[in-house]
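Shown next, in structure tokens, is the structure this report addresses.
The shown structure was predicted, so the numbers you read here are calculated from the model rather than taken from an experiment. Nothing fancy with the numbering, it's 1 onward along the sequence.
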Amino acid sequence: MVNVNANAIGIIFPNSYDNLVPELVKKRTMASVPFASRYRMIDFTLSAMVNAGIDNVTVMTKENYYSLMDHLGSGREWDLVRKLGGLTIIPPYARSQNKEYHGRVEALYSIVGMLQRQKEQYIIISDCNTANSFDYADFIEKHKQSGADVSVVYQKCPIPESAKKENYTFTLDETGRITEILTNDYRNGVQNLSMNIYIMERETLITLVKDAMVRNLVYFEKDILARNLKLLHVQSYEYTGYCARISDLKSYFDENMRLLNPENLTQLIGEKRPVYTKIRDDAPTCYQAGCTVSNVMAADGCVIEGEVENCVLFRGVKIAAGAKIKNCVLMQDTVVEANAELDHVITDKNVTITAGKKLVSDNFPIYVGKRQKV
């Protein structure tokens, strides 16, 4: 972790895209969805901020936040236990309005008083629907050089079919300035797709949020930025690194499977910008005599006795002898008993697949909910 103060506050919205994966967020937020064998989605955003020297981070929760708070704790794993700044988790009912916020502007307005007391010059806002290795330090520096009021991160890529009902795309001029923001763009082909990461001066954000609330506006992107592109200098910042975008259950499965390619995994979790997560003191994975393992990413605490191929295994997964597991994502403490057969299956935490059961799909993954016994 770096110890350089980035002169910026990080604000993370963990619930913004919960509706895209309803199966996975019945009892958690998008930010606390397990990903890549041992991490949660928020780990990538939070770690990237910490790696850039941002040591004052606020997480604006909305609902189903118990799992997230349990995961983040005091922020020790991210070196965010501080007397000043550090990690702050704000639940919805801690606000004076005593209600859940509807849009990002309402949420930000509820902490205006806190923001006015801070010392940092810049504020960075991010969601948690993507896992990436983003360089926030370079983002801050490019924003300073541009002289923009707001800078926005985008990626040149096709819009996922499942995300065409909830996305933002940008039209840019020759200098990279954003001249148009489209909501729910349905076009095919490569577009300038928003990554929902923004930076601006703290005082600028406070002014924009106050003005928006007076006008009864609640959405930051379409109510503030899109309406004021002629008044505000909104600059683009292109991200060209590895990005796993979660837009539905199928994309969640596919993005986990992509990480079985070592090149993809190295791009996402590199030595220069490591990803931190909550520690669980398990023993290393145990591969019992007679097991068969091929192209598997397994976290600590797993016990494998059967056949496993092309799978992502989270902490504490147990595969009994005679079980055949292929093309699966098995979350923490899943137990697969003897002679069971799984193919294209996602199991949530603490699932038990009983002996002899067969769950097989050719394409779209079968999902087994948390603590279910099949």
Side-chain angles (χ1 to χ4, degrees), residues 12 14-18 20-48 59 61 63-73 77-78 127-133 242-260 264-265 268-269 274-282 285 296-304 308 310-319 325 327-336 342 344-353 365-372:
I12 299 175
N15 294 96
S16 297
Y17 288 87
D18 286 0
L20 298 180
V21 284
E23 303 92 341
L24 297 174
V25 298
K26 289 180 179 179
K27 297 182 179 180
R28 60 165 72 96
T29 68
M30 170 70 87
S32 51
V33 168
F35 186 74
S37 185
R38 66 192 302 265
Y39 302 99
R40 304 293 183 105
M41 290 297 293
I42 196 172
D43 292 341
F44 299 91
T45 300
L46 191 56
S47 298
V59 180
T61 65
E63 57 188 357
N64 291 337
Y65 49 85
Y66 173 78
S67 174
L68 180 64
M69 294 179 71
D70 178 67
H71 177 70
L72 294 177
E77 283 82 1
W78 297 267
D127 291 325
C128 292
N129 63 315
T130 62
N132 53 67
S133 183
Y242 188 90
C243 179
R245 185 181 294 268
I246 309 303
S247 54
D248 64 357
L249 190 66
K250 180 67 163 57
S251 65
Y252 173 78
F253 177 84
D254 291 342
E255 293 296 350
N256 272 285
M257 290 293 106
R258 284 178 64 195
L259 295 178
L260 293 175
N264 292 338
L265 185 61
L268 180 61
I269 306 171
V275 181
Y276 312 103
T277 191
K278 180 181 179 181
I279 301 300
R280 172 172 149 168
D281 296 322
D282 278 333
T285 292
V296 171
M297 176 166 37
D300 49 314
C302 295
V303 178
I304 303 176
V308 187
N310 298 331
C311 290
V312 176
L313 308 181
F314 288 77
R315 292 163 170 166
V317 171
K318 294 178 173 54
I319 311 295
I325 316 299
N327 305 318
C328 290
V329 177
L330 307 184
M331 294 188 199
Q332 185 172 307
D333 296 319
T334 291
V335 175
V336 182
L342 307 182
H344 281 81
V345 174
I346 300 172
T347 63
D348 213 309
K349 294 173 61 176
N350 300 106
V351 165
T352 299
I353 307 298
I366 300 169
Y367 173 73
V368 182
K370 192 174 182 178
R371 296 191 178 92
Q372 297 297 308

Q: Please check if the side chain of N129 supplies one atom and the backbone of M30 the other of a donor-acceptor pair under 3.5 Å.
A: no
Q | Heavy-atom donor-acceptor pair, K278 side chain to G73 backbone, under 3.5 Å | A | no
Q: Tell me, with the steps shown, if I42 and L68 meet side chain to side chain contact (heavy atoms under 4.5 Å, CB included).
A: CA-CA 9 Å; I42 196 172; L68 180 64; 3.9 Å; yes
Under 3.5 Å, sequence neighbours excluded: what are the donor-acceptor pairs made by side chains of residues 297-304?
| from | atom 1 | to | atom 2 | distance (Å) |
| --- | --- | --- | --- | --- |
| D300 | OD1 | R315 | NE | 3.4 |

Q | C311 side, atom SG; N327 side, atom CG - distance, nearest 0.5 Å | A | 6.5 Å
Q. Do N256 side-chain atoms and Y252 backbone N/O form a donor-acceptor pair below 3.5 Å?
A. yes
Q) Short question: side chain of S37, backbone of F314 - any donor-acceptor pair under 3.5 Å? A) no
Q: Report the distance from atom CG of D254 to atom CG of L259, rounding to the nearest 0.5 Å.
A: 11.0 Å
Q. So, for L20 and S247, which heavy atoms are closest and what is the spacing to 0.1 Å?
A. CB-O, 3.4 Å
Q.
Give me the atom names and distance for the closest heavy-atom approach of Y17 to D127.
A. CE1-OD2, 3.3 Å
Q) Is there a side-chain contact between W78 and L72 (heavy atoms, below 4.5 Å)? A) yes
Q. Going from CG on L268 to CZ on F35, what distance comes out if it is rounded to the nearest 0.5 angstrom?
A. 6.5 Å
Q) Hey, does the side chain of S47 reach the backbone of Y276 with a donor-acceptor pair shorter than 3.5 angstrom? A) yes
Q) Between OG1 of T334 and CD of Q372, what distance do you get to the nearest 0.5 Å? A) 11.5 Å
Q | Which atom of I246 lies closest to which atom of M41, heavy atoms considered | A | CG1-CE, 3.7 Å
(Q) Between K250 and D248, does any NZ, NE, NH1 or NH2 come within less than 4.0 Å of an OD or OE carboxylate oxygen? (A) no
Q: Identify the two heavy atoms, one from C128 and one from I12, that lie closest to each other, and give their separation to 0.1 Å.
A: SG-CG2, 3.3 Å
Q. How long is the span from the CZ atom in F44 to the CG atom in N132, to the nearest 0.5 Å?
A. 9.0 Å
Q. Ion pair present between R38 and D43, side-chain N to carboxylate O less than 4.0 angstrom?
A. no
(Q) Go through it in stages, so that I can follow the logic: the residues are L330 and I319, the test is side chain to side chain contact (heavy atoms under 4.5 Å, CB included), and I'd like the CA-CA distance, side-chain angles, deciding distance and then a yes or no. (A) CA-CA 10 Å; L330 307 184; I319 311 295; 3.8 Å; yes
Q.
Are T61 and T29 packed together at the side-chain level, in the sense that at least one heavy-atom pair is separated by less than 4.5 angstrom?
A. no
Q) CG/L46 to CZ/R40 distance, rounded to the nearest 0.5 angstrom? A) 13.5 Å
Q. What's the shortest heavy-atom distance between F253 and C328, and which atoms?
A. CE1-CA, 4.3 Å
Q: Determine, stepwise, if the pair T277 / H71 fulfils side chain to side chain contact (heavy atoms under 4.5 Å, CB included).
A: CA-CA 8 Å; T277 191; H71 177 70; 3.3 Å; yes
(Q) Test your reading of the model: is there a side-chain donor-acceptor pair from S32 to the backbone of R28, 3.5 Å cut-off? (A) no
Q | N-O pairing of K26 and D348 below 4.0 Å | A | no
Q) At their closest point, which heavy atom of M331 faces which heavy atom of L24, and how far apart are they? A) CE-CD2, 3.8 Å
Q) Going through the distances and angles, do I325 and V296 end up as a side chain to side chain contact (heavy atoms under 4.5 Å, CB included)? A) CA-CA 11 Å; I325 316 299; V296 171; over 6 Å; no
Q. Would a distance-only check, ignoring hydrogens and angles, find a side-chain to backbone donor-acceptor pair under 3.5 Å from Y367 to E23?
A. yes
